[in-house]
Amino acid sequence: MSTIAKKSSTIKISGVDIEVERRGSGSPVLVLYGEEALELNSPVLDQWAAKHELIIPSPPGFGHSERPEWIAGPDDIAYIYLDLCDTLGLRNVPIVGFGFGGWIAFEMATKDPAIASKIVVVDPFGVKIGGPTDRDVQDIWTLHPQTVAKLKWRDVEKSKRDYSKMSEDELSIIARNLESFARFGWEPYMHNPNLRRRLNRVKAPTLFVWGANDGVITPDYGKAYAALVPGAKFETVADAGHYPHIEQPDAFAKIVNPFLG
Amino acid sequence: MYAWHFTEMPYPYLPPLDTLSTMRVNLPNTHYDPKIGADLYNRYLDEYMIASEVGLNMLVNEHHQTATCLDVAAPLSAAILARQTTKGRICILGNPVANRNDPIRIAEEMAMIDNISRGRLDVGYVRGVPYEIFAANTNPTQTVERLWEGIDLTVLAWTKTEPFNFEGRFTHRRTINLWPRPYQTPHPAIWITGSSDLDSIKKAASRGYVFATFLQPYDKVKWMFDGYRSQFVDHGLPGGGGTAYMPLMFTADNEADAEKGAKELLWYLAAKAEPQFRNPPGYVNVAFNVSALRGDYSGRTDAMRTKSIEFLKEQGVLMYGTPDSVAAQVKRFYDKVGGFDHLLMMQQAGTLDHATTVKSMTLFAKEVYPQIKDLARTRPLNAQAAAE
């Protein structure tokens with residue numbers, strides 16, 4: 001893994017400083033990481049980086065990317081990322097989005113269907129399926145943190161992180177990511193009411209991958225979400241919660257790698 | 001020195017507190033009995049009326065979805081007091097303008113109460129404590145911006161004499177035209193609360209608003225009051241600006257009774273909430289949350305919760321004793337913080353009953369207030385304030 005080249009730079013996009021990591025070499029894949037950015041240290045990314053150049057932008061307010069006041073959510077972020085793709089010459093490129101990043105992937109692909117050659121989303125947020133009193137997405141901000149951990153993880157032990165060993169910069173990024181996720185996902189909670197009416201515009205082959213034990217957003221939600229995307233395939237990963245690529249990396253890779261190529 | 005009676009109108013008839021995980025936000029309302037609640041509302045309003053009779057001012061506030069505070073609409077309790085009392089000022093501390101989402105409605109309500117009370121209203125604004133985020137579903141990352149836009153808009157609404165439009169970040173109205181105008185000119189005194197954000201405190205000072213803080217150790221209060229005084233600009237508002245501090249307060253004939261009453265007041269500090277409600281993401285800045293991740297910070301009110309009664313008394317968070325002792329404690333705090341102008345007294349909390357509450361506040365009004373009333377204002381009064 002240590003042989004994989006990683007470099008980060010900051011690019012001014014639509015007037016916003018966006019941090020972009022490039023990892024590996026080969027044909028490009030746009031990777032949109034999730035709300036906790038846990039993917040960045042997962043073996044799955046390094047596997048892909050052996051064959052592809054991963055382009056990994058940090059959303060506004062995440063990592064070291066700037067968060068100007070005017071950005072209200074994934075709808076705005078998608079326009080910035082489309083500009084980023086223009087700047088980098090990316091077109092008809094595979095897009096992989098985890099959780100919050102999956103939501104952004106669909107915001108991009110509904111605005112510009114030609115941007116993606118294929119789409120993989122992993123337990124994505126983004127739409128409201130049920131009625132006003134149905135809880136499509138468990139409320140991660142009003143439930144007790146221990147309850148949230150149990151909903152997110154099949155094996156709660158894997159959720160534990162030792163903050164005492166982290167640098168100031170690492171802790172700042174965790175705090176920024178938490179804050180920015182709340183900025184963008186607070187209301188409407190974890191969805192854009194307009195997105196489901198736009199998903200018919202997605203043209204790229206799409207694969208939904210879902211942790212069978214995701215208690216934050218269940219596979220039932222995922223199936224209903226996938227049904228809104230023309231021709232989308234839906235696969236579950238057993239014994240995994242909201243982060244199947246971290247809890248079951250091999251099973252996850254078996255499903256995703258053949259699709260991604 | 002202006003002295004104010006205050007209660008949060010608690011509902012203390014709960015199962016043992018150690019059996020509850022929370023008293024705020026998500027405590028099911030099966031624990032609320034409307035018959036008991038009706039008695040409590042009327043009792044607490046009676047106590048405010050008695051406060052007015054004995055020469056104290058009246059301070060009300062609001063919280064939501066909590067057994068600690070049945071006053072869920074401070075404008076309602078203030079309106080009742082505006083009509084049912086004739087003496088003493090009434091301060092709402094405050095209007096949660098960041099959470100209410102309708103600054104014009106607030107401006108109207110305040111103007112109406114100011115008229116009914118014939119100019120006895122002071123209008124406070126609060127950003128709202130972290131728990132309040134959830135009842136209102138306000139985005140926790142932008143409450144400061146909402147607070148200030150809301151304040152600016154209410155001031156515009158009170159002072160513009162022709163219809164006007166406002167297209168801000170959070171509020172859009174194309175025809176604003178307030179009926180009634182406020183009774184006081186240019187508008188009632190404005191108060192702002194704070195507990196750490198020095199920039200907001202200085203901003204309040206530069207506009208001539210009153211700054212209020214609650215239940216904090218005196219060295220921290222001095223730090224905030226010094227910041228306020230360094231930036232104060234007199235804009236000729238009624239009341240003339242100044243600083244306000246709230247301790248828990250209990251006055252009795254003897255020290256033993258005083259300590260007994262003080263201990264009942266500590267119910268307020270014992271009010272607990274589950275951890276997710278204490279620090280919603282973005283409510284405090286990244287630096288605070290870095291220290292929270294390290295385990296050094298668990299929310300703003302937690303620090304006081306576990307302290308001994310002696311510590312709280314020494315720090316001025318809890319003042320109790322005989323009248324002479326209480327007067328000495330107020331004067332000591334006054335000296336420690338470089339002076340202040342409004343003593344806000346939480347004289348009722350938790351299980352403290354009606355008779356005991358009234359006895360304490362009456363004793364304060366008769367025997368303590370005269371001893372502290374003439375403590376110097378922390379800055380010269382402006383002409384309008386002096387004429388009050």
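In this text, all values refer to a predicted model and were calculated from it rather than measured experimentally. Naming: A, B, ... by sequence-line order, numbering from 1 per chain. For the numbers below, each heavy atom of this structure counts, side chains included, while hydrogens, waters and symmetry mates do not.
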(message) Can you confirm if the NZ or CZ of B:Arg127 lies within 45° of the ring axis of B:Tyr283 and under 6.0 Å from the centre of its six-membered ring?
(response) yes

(request) Please confirm whether B:Arg24 makes a cation-pi placement over B:Tyr131, using NZ or CZ under 6.0 Å from the six-membered ring centre and within 45° of the ring normal. (result) yes

(request) Below 4.5 Å from any heavy atom of chain B, which atoms of A:Ser164 appear? Answer side chain, backbone, both or neither. (result) neither

(request) For B:Trp148, enumerate each residue passing the ring-ring contact (aromatic ring centres under 6.0 Å, His included) test, keeping only those at least two apart in sequence or located in another chain. (result) none

(request) List in chain and number order the residues that pass side chain to side chain donor-acceptor pair (under 3.5 Å) with A:Glu179, two or more places apart in sequence or in another chain; answer none if no residue qualifies. (result) A:Arg67

(message) I'd like to know which of B:Thr22, B:Ile133, B:Thr141 tops the heavy-atom pair count under 4.5 Å against chain A.
(response) B:Thr141

(request) Residue by residue, scan residues 135-144 of chain A and write down, ordered by number, those that have a heavy-atom distance under 4.5 Å to chain B; if none do, write 'none'. (result) A:Trp141, A:Thr142, A:Leu143, A:His144

(request) Heavy-atom pairs under 4.5 Å with chain A are the metric here; pick the option from B:Asn139, B:Val286, B:Val290 that has the most. (result) B:Asn139

(message) Centre-to-centre under 6.0 Å for A:Trp153 and A:Tyr243, is that the case here?
(response) yes

(request) Apply side-chain contact (heavy atoms from CB on, under 4.5 Å) to B:Gln65 and list each qualifying residue two or more places apart in sequence or on a separate chain. (result) B:Val25, B:Ala135

(message) Would you call the rings of A:Phe252 and A:His245 parallel, tilted or perpendicular, taking 30° and 60° as the class edges?
(response) tilted

(message) At a 4.5 Å cut-off on heavy atoms, which part of B:Ser21 comes close to chain A: side chain, backbone, both, or neither?
(response) neither

(request) Quickly, which of B:Asn101, B:Asn99, B:Thr143 forms a side chain to side chain donor-acceptor pair (under 3.5 Å) with B:Thr138? Name it, please. (result) B:Asn99

